[in-house]
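Report on the following structure.
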Amino acid sequence: MSVPVAATGIDRLGLAAFVGVVLFGGANSIGVKQTVQELAPFWGGALRFVVAGVILLVIAALTRRSFPRGRSLTGAVLYGAIGFAASFGLAYTALRDTPAGTAQVLIALVPLLTFGLAILQRQERFRAEGLIGGLVALTGIAIVFVDQLGANVPIVSLIFLVLAAACIAESGVLIKWVPRSDPIATNGIAMTVGAALLLGASLVAGEPRVLPVREATWAAIGYLVVFGSVVMFTLYLFTLERWTASAASYSTLLLPLVTVSLAAILTQEQVSPSFLVGGAVVLVGVYIGAFLRRPHRSSASSMPECYPVDACGQALVPAERSAAT
């Protein structure tokens with residue numbers, strides 16, 4: 001495994017940016033949890049992503065970045081539909097009844113699910129580590145499921161979170177099939193598309209579309225837009241410029257640790273010993289399946305909070321190209 005310069009204490013700026021990604025990302029599930037306490041899930045997601053998307057589009061325009069066209073534009077639209085609308089529609093809905101820490105542990109399956117979906121779609125070749133990691137992660141998920149069912153968390157909400165992780169993973173696989181484009185402009189378009197689809201889902205579901213009344217909800221939305229999307233995305237880009245993609249992608253494994261810790265402090269979420277064991281087993285499985293003996297592979301997904309589109313393109317190497325090299 002390649003070790004970033006920051007690990008030796010040399011690249012302090014890169015390390016600071018990486019820590020920012022982990023801290024801001026770890027708090028995102030808590031922010032969403034606060035939002036859905038007052039706002040309907042589809043509507044809450046639409047509000048977040050329309051503002052964040054517009055901010056990114058303005059940044060792209062002011063800095064004269066290239067906007068995607070042709071197949072890249074089609075890919076950005078599909079990326080928004082799957083990676084934003086579908087995944088976060090499911091996640092926002094699930095977080096009404098699920099602790100933030102539990103949600104982040106299940107979302108941490110994204111790198112492993114990406115690898116599995118890439119194999120099914122012939123973008124990567126099968127590895128024994130992937131199978132072993134998947135079995136270990138499934139064991140951890142079973143432990144988490146049993147623990148949360150004992151805590152009266154609906155099984156439908158837990159399934160929704162796994163499906164949300166699968167949608168995020170699939171959007172990363174999808175991006176590999178389309179030409180690369182500027183990450184800020186592409187994510188701005190994708191977020192805007194995702195917001196439009198979430199708004200449509202809100203209309204179909206008959207959700208109340210009202211602005212928040214509670215100050216805590218406004219604070220959560222502001223955090224998710226500014227720090228949880230735009231700032232975190234920028235920090236990840238900065239980290240990616242200074243570190244290898246594989247090193248930067250290790251934030252995926254650290255996010256649940258921050259979420260569980262912050263949730264216990266800020267919202268007094270109860271953390272049982274069996275949940276901690278299950279979460280640890282899940283992370284070990286993800287590490288084995290997605291990272292072990294893959295020094296040049298990035299697990300960067302399409303998660304809008306921090307993972308740029310062009311990094312997603314680096315995450316998967318088609319089997320045909322691998323065989324040629």
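Please read these numbers as outputs of a predicted model, since none were measured by experiment.
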Is there a chain of hydrophobic side chains (I, L, V, M, F, W, Y, each step under 4.5 Å between heavy atoms) that links Val156 to Leu163? yes
Evaluate the side chain to side chain contact (heavy atoms under 4.5 Å, CB included) criterion for residues Arg96 and Ser157: first the C-alpha distance (whole Å), next the side-chain angles of each, then the deciding distance (0.1 Å), finally the verdict. CA-CA 8 Å; Arg96 290 182 300 178; Ser157 296; over 6 Å; no
What verdict does the side chain to side chain contact (heavy atoms under 4.5 Å, CB included) test give for Leu106 and Val282, after you've listed the backbone C-alpha separation in whole Å, the side-chain angles of each residue and the deciding distance to 0.1 Å? CA-CA 8 Å; Leu106 296 179; Val282 169; 5.7 Å; no
Taking atom CZ as the centre, does Phe24 end up with more than 12 heavy-atom neighbours from other residues, nucleotides or ligands that are less than 6.0 angstrom away? yes
Heavy-atom side-chain proximity of Ser274 to Val146 below 4.5 angstrom: no
Give, for atom CD1 of Ile82 and atom CD1 of Ile168, the distance between the pair rounded to the nearest 0.5 Å. 12.0 Å
Share the residues that join Leu211 in a hydrophobic cluster, the rule being Ile, Leu, Val, Met, Phe, Trp or Tyr side chains under 4.5 Å apart at the heavy-atom level. Trp218
Any side-chain heavy atom of Leu199 sitting closer than 4.5 Å to one from Arg209? yes
Nearest 0.5 angstrom please: Phe88 CZ to Asn28 CG, how far? 7.5 Å
Answer with yes or no whether the side chains of Ser229 and Arg48 bring together a donor and an acceptor at under 3.5 Å. yes
Least distance between heavy atoms, Ile107 atom then Ala164 atom: CD1-CB, 4.2 Å
Show me, pair by pair, the donor-acceptor contacts under 3.5 angstrom made by side chains of residues 56-64, not counting sequence neighbours?
unit_1: Thr63; atom_1: OG1; unit_2: Ile59; atom_2: O; d: 2.6
unit_1: Thr63; atom_1: OG1; unit_2: Ala60; atom_2: O; d: 3.4
unit_1: Thr63; atom_1: OG1; unit_2: Arg65; atom_2: NE; d: 3.4

Can you name the closest pair of heavy atoms from Cys167 and Ser87 and give their distance? CB-CB, 3.7 Å
Below 4.5 Å, heavy atoms only, C-beta onward: do Val153 and Leu158 meet side chain to side chain? yes
Search all heavy atoms of Ala76 against all heavy atoms of Thr186 and return the closest pair with its distance. CB-CG2, 3.7 Å
Going only through I, L, V, M, F, W and Y residues with side-chain contacts under 4.5 Å, is there a path from Leu276 to Leu283? yes
Quick check on side-chain contact (heavy atoms from CB on, under 4.5 Å): which of Val54, Val51, Leu47 does Val225 satisfy it with? Val51
Backbone N/O of Gly70 and side chain of Thr74: donor-acceptor pair under 3.5 Å: yes
Arg214 and Gln37: CA distance, side-chain angles, deciding distance, side chain to side chain contact (heavy atoms under 4.5 Å, CB included) verdict: CA-CA 10 Å; Arg214 302 174 187 171; Gln37 298 304 306; 4.0 Å; yes
Shortest non-hydrogen separation from Tyr92 to Gly44 and the atoms involved: CE2-C, 3.8 Å
What one should report as the nearest heavy-atom pair of Ala190 and Tyr79 is CB-CD2, 3.2 Å
Nearest 0.5 Å, please: how far is CZ in Phe49 from CG in Asn187? 10.5 Å
Measuring from Leu161:CG to Thr93:OG1, what's the distance to the nearest 0.5 Å? 9.5 Å
d(Gln34 CD, Leu39 CG) to nearest 0.5 Å is 10.0 Å
So if you build clusters from Ile, Leu, Val, Met, Phe, Trp, Tyr with side-chain heavy-atom gaps below 4.5 Å, do Leu198 and Val204 land together? no
Starting at CD of Glu38, measure out to CH2 of Trp43 and round the result to the nearest 0.5 Å. 12.5 Å
Taking the side chain as everything from C-beta on, heavy atoms only, tell me whether Val230 gets closer than 4.5 Å to Val226. no
For the pair Thr259 (side chain) and Gly26 (backbone), establish whether a donor and an acceptor sit closer than 3.5 Å, ignoring hydrogens and angles. yes
Are the side chains of Leu113 and Glu170 in contact, using a 4.5 Å heavy-atom criterion? no
same_hphob_cluster(Val258, Phe18) at 4.5 Å side-chain heavy-atom cutoff: yes
Closest non-hydrogen contact found for Leu262 with Ala27 is CD1-CB, 3.9 Å
Answer yes if Val77 and Leu174 sit in the same cluster of Ile, Leu, Val, Met, Phe, Trp and Tyr residues linked by side chain heavy atoms under 4.5 Å apart, and no otherwise. no
Under 3.5 Å, side chain of Lys33 to main-chain N/O of Ala100, donor-acceptor pair present? no
So do Leu23 and Val19 actually touch side chain to side chain, heavy atoms under 4.5 Å? yes
Stepwise, does the side chain to side chain contact (heavy atoms under 4.5 Å, CB included) test hold for Ile189 with Phe67? CA-CA 9 Å; Ile189 291 174; Phe67 282 79; 4.1 Å; yes
